[in-house]
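Contents: one structure, followed by commentary.
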Amino acid sequence: MTSVFDQYEQASQRSKQPAQSSVRPEINPAGLIQMKLQDEIPIFIKQKVNFMPPDKIVHMCVSSNYVVIAMANNIILRIDMKQPDKPEEIDITKYLGNLKLSGMFLDPLGYHLLIAAAPKQNDPTSVPELFYLHRKATKFKQSSKFRGHEITAVGWNVSNTSETTSGPILLGSSKGLIFETEIGLDGDKIFTTSLEQYSKQVFDIGKDSKPPITGIEFRRIPNTDKYVIILTTLIRIYQYIGVVNNHEEKPLLQQVFSKYLNIKERFNQLESSLPYSKMQFYYSFPQEFPKSFSWLTETGILYAQVDTKSDPENILINQQFLPCPETSLLSSSINNTNKKKTAAPLSFVLTEFHVLLLYVDHVKGVSLLNQELIFEDIYNDAYGKLVNIVKDCISGSIWAYSERAVFKYKVTKEDRNVWQVYIDKGEFDLAKQYCGDNPAHINQVLVKQAENLFNNKEYEKSALIYADSHSSFEEVCLKFMEKNQMEALKTFLVKKLEGLRPQDKTQITMLVVWIVELFVSQMGEIRCSESTTYQQNPRYVELQKLFDSFLAIDKVDDCVRKNRSVICNILASHGDKDILLKLSIMNRNYEEVIRQQLYKRNFLEALEVLKSQPNKELFYQFISTLLDELPKPTVAAIIAQGSLLKPSRLIPALVSCTTDEKHAREIIRYLEHCIYEQSCQEQAIHNFLLSLYVRYKKDEVMRYISSQGQDISMVHYDVRYALRLCKENDLTEACVQLSALLGLWTTAIDLALTISVDLAKQIAAMPSHHGNDELRKKLWLKIAEHVVREKNDIKQAMEFLQQCELVRIEDILPFFDDFVTIDHFKEAICNSLQEYNRHMQDLKEEMEEATKAAEVIRQDIKAFRNRCTFVHSKDVCNNCNIQLLLRPFYVFPCGHRFHSDCLVAALTPMLTLQDQTKLAELQHQLTMATNGDLNRGGDNASISASLSTKEQIKADIDELIASECLYCGDLMIESIDKPFIDEDDYERVVKEWA
């Protein structure tokens, strides 16, 4: 059961916590703050140690969880907190004699204990002594080197790791003397050095006044050879900073003090009437260089930050005085008689953010940041007066002890409310630093910081901070709009946009559209105020650069692409064509870019954009306008695209631009490129080119028609369309060629004769390629008629007969007048008769040769009837290599021999499906006929009929399979492209071969 005293202790302990500390705010992924109830644990929690001292406690030291307690009955109690139930008691009465224990000092490792003893009052015969006790020893050793010096302070070597020796340490005496020594175990002896000589006075701060030294610390400044030594007396703080060149030299710190033998040392002085003072440093662990310093005086605590960089002669910076609190956190209902006011604390302990002040009957905790009293603990008189409060420099635990009890303070998250203190002080960066991973606290800091900047009219900085916070979006926007701070609003929106996730598409779209509107509005104001020189305005140039950078952001670029029409409408509504054009270029909206360039009549720029962009569909869309304005460059551009463009899709644009010869000639150039370079065969392209030739380059028509050839199936233009065009434009020679191409020979000859006889002859000679002699003769007769009747030139008519072998003199005689005498045709008639004679002689020779050839054939047939082939007993089938005579067989004139069944089996796959069916049916009929003879028997007539039927079936089978040799016939030649192995048998054969 809890004692009444313990209940009183619990009731008398109070901590001041902020009102909001009862809730724990969090921010969920959606950015909403959730408030969760949570009971806050006090920063300082006191626990009474289960220990009842047999006598009053006068001194206590704690280090590395090792406790040493000195009691008024001269008993030293050593307790290892790892084994608290096994304390050690050592009686020091015989060592002290008439002396009293004046001080007890334990090194950071907890291995080396020094006890200072001083004469009792009114005892002039005794002198101060110093005793040493090792952790593993039970007997104190007296130091002869320090006899007569009352040691009041010890500066331990925090870098020492040895359990047997302390390393160089500093000792301060009650008369201002400073000694350096090294102590430890050497058997049963105390040694100062290995030769027992290492103990030397290194400095004297007293000189005339002889002030007692109340505290001493020394540290090596990291990464240097400098050492700093801090000493305190009752009213002064001394700083000694110097370089140690030789770390092996003993005494080590003499090299630092020697600097101050001839110069005045640096100190701070505060008036105090107290007979004591205390110095404390804060560090996370002893080997770390201290972060802060504090010193107890009569009126309060002197607190300073430790910094070795700002001033080489002063490491205690930002000094401030913390007065001891006069108020109380405890209610008046708690035994006001116990709240005794004392002028100054007896002792104190320094933590990172607080200082615990020890009074006679209570302990107070004060914040170092705002000097606010946050903790108070009243002690019961039953435990006696409080004596001291100490801190374990290794574990960080805090111990307070009274005359009759020992207490331990647990420090729990003492930085929990530091961020709030820094907010109140306006140090927002430090506040964020101490918010830890609590997003709600960070948000509060950001909101306060943003509000502070906003109130100080630093709107853009405020916007950046607001964007990082979770403040209401609408509220922040309205704040900037009320102040007409559009630039700050834009900054806020851009920063908010950066924090959005890709999946927040709606929010991204809203912010991008708003930011674009703000940019365009700002630039529009400058453009309106400076209508002609706005592009030279530095502010306008800066806005343009910022806008370009904004549009280059990935999520912005993606949003603009997906909402292109909205953005373009905004830009168009402000009339900013330059930005619209630039935006279109940045977003690769080439269609809009070309439109804008055409709108500005920058045709050459539009053509360059069209050439450089990858979307070929835009050529078909804009080529008409560009051809109309820039025919030659545009044609060069589409020619450069080569086969990437389809000429047929360009025809509408090309047709619309053929209104004058200048444009038509450029279009002709493109069409010629398509036909002659790209081998275009589309009829529409050829027809279009031919129509342009007819209209603008008539001399090219014949060249084009000739290049296409005289085979109507091979030309790529519409011949009838071309004929109609040429007729409409009186291109007779072209009509002649086209009529001939269509097979209108008579029309072609008639048209050719209107031009020249030679052209008509060329046309008349064309049907020779078709093997139509009758037509040729007809055409030549028309020419002959024209020559005879039109020119009436007998000589020319006779020469004409020599040019065509199909026309004879008798064919053209009707064309001459009746008055023409035969003398004019004498030579021609004689030549004709001679020709007939030669022809008859040739026919006679051909008849004789045919008679001889027929006789030879008759003799061959006769000889073939008597031909025979010999089959030997050793002959084998050419298919199965088995003796031929064993089964029915076939022998072919070529010499190949096959069994009948082998021939059928080999030949069947080569037959057509129809022949295979017929062969199977004949074989079945033969089998039925043979079986019928065996079963039937009968008379001779029936047998003869049966044999006749079988012979017919065999003859039909022979017709199918024995009409030609398997190896030498047409079937073998036709099967040359068939594989040797069927696909179905391929895998099996491959496995067998493998």
Task: Test item: Y717 and V719 side chains (from C-beta on) under 4.5 Å apart, heavy atoms - done: yes
Task: K632 NZ: over 12 foreign heavy atoms closer than 6.0 Å - done: no
Open item on the list: I'd like to check the side chain to side chain contact (heavy atoms under 4.5 Å, CB included) partners of E608; sequence neighbours left out, ordered by chain and number.
Closed with: K611
Task: Under 3.5 Å: donor-acceptor pair, side chain of S706, backbone of R703 - done: no
Open item on the list: For a quick test of reading the model, state the closest non-hydrogen atom pair linking L493 to L518 and the distance between them.
Closed with: CD1-CD1, 3.7 Å
Task: Greater than 12 external heavy atoms within 6.0 Å of K483's NZ - done: no
Open item on the list: Using side-chain heavy atoms (C-beta onward) and a distance below 4.5 Å, is Q507 in contact with K496?
Closed with: no
Open item on the list: Are K697 and L692 packed together at the side-chain level, in the sense that at least one heavy-atom pair is separated by less than 4.5 angstrom?
Closed with: no
- [ ] Classify the ring geometry between W514 and F473 as parallel (under 30°), tilted (30 to 60°) or perpendicular (over 60°).
- [x] perpendicular
Open item on the list: For R669, give me all partners under salt bridge (Lys or Arg N to Asp or Glu O under 4.0 Å), at least two apart in sequence or on another chain.
Closed with: E666
- [ ] Taking all non-hydrogen atoms of both residues into account, name the closest pair between C726 and L738 and its distance.
- [x] SG-CD1, 3.8 Å
TODO: Return the orientation label for the F492 and Y466 ring planes: parallel under 30°, perpendicular over 60°, tilted otherwise.
DONE: perpendicular
Task: Full working for side-chain hydrogen bond (donor to acceptor under 3.5 Å, both in side chains) between Q678 and H673 - done: CA-CA 7 Å; Q678 298 183 7; H673 171 78; 3.1 Å; yes
Open item on the list: Can you tell me if Q503 has over 12 outside heavy atoms packed within less than 6.0 Å of its CD?
Closed with: yes
Open item on the list: So I685 and L689, do their side chains get closer than 4.5 Å, heavy atoms only?
Closed with: no
Open item on the list: Taking the side chain as everything from C-beta on, heavy atoms only, tell me whether H686 gets closer than 4.5 Å to Y721.
Closed with: no
Task: Over all atoms of both residues, closest heavy-atom pair of A637 and L607 - done: CB-CD1, 3.9 Å
- [ ] Report yes if some heavy atom in the side chain of M486 is under 4.5 Å from a heavy atom in the side chain of N484; otherwise report no.
- [x] yes
Task: Crowding at NZ, K646 (>12 non-hydrogen neighbours, <6.0 Å) - done: no
Open item on the list: Looking at D699, I'd like to know if its CG atom is crowded, meaning that more than 12 non-hydrogen atoms belonging to other residues, nucleotides or ligands lie closer than 6.0 Å.
Closed with: yes
Task: Aromatic ring pairing F454/F480, orientation class (parallel under 30°, perpendicular over 60°, tilted between) - done: perpendicular
TODO: Indicate the atoms forming the closest heavy-atom contact of I623 with L610, along with that distance.
DONE: CD1-CD2, 4.5 Å
Open item on the list: For the backbone of H716 and the side chain of Q708, can you confirm whether one donor and one acceptor N or O come within less than 3.5 Å of each other?
Closed with: yes
Task: Step-by-step side chain to side chain contact (heavy atoms under 4.5 Å, CB included) determination, F547 to L543 - done: CA-CA 6 Å; F547 190 45; L543 283 172; over 6 Å; no
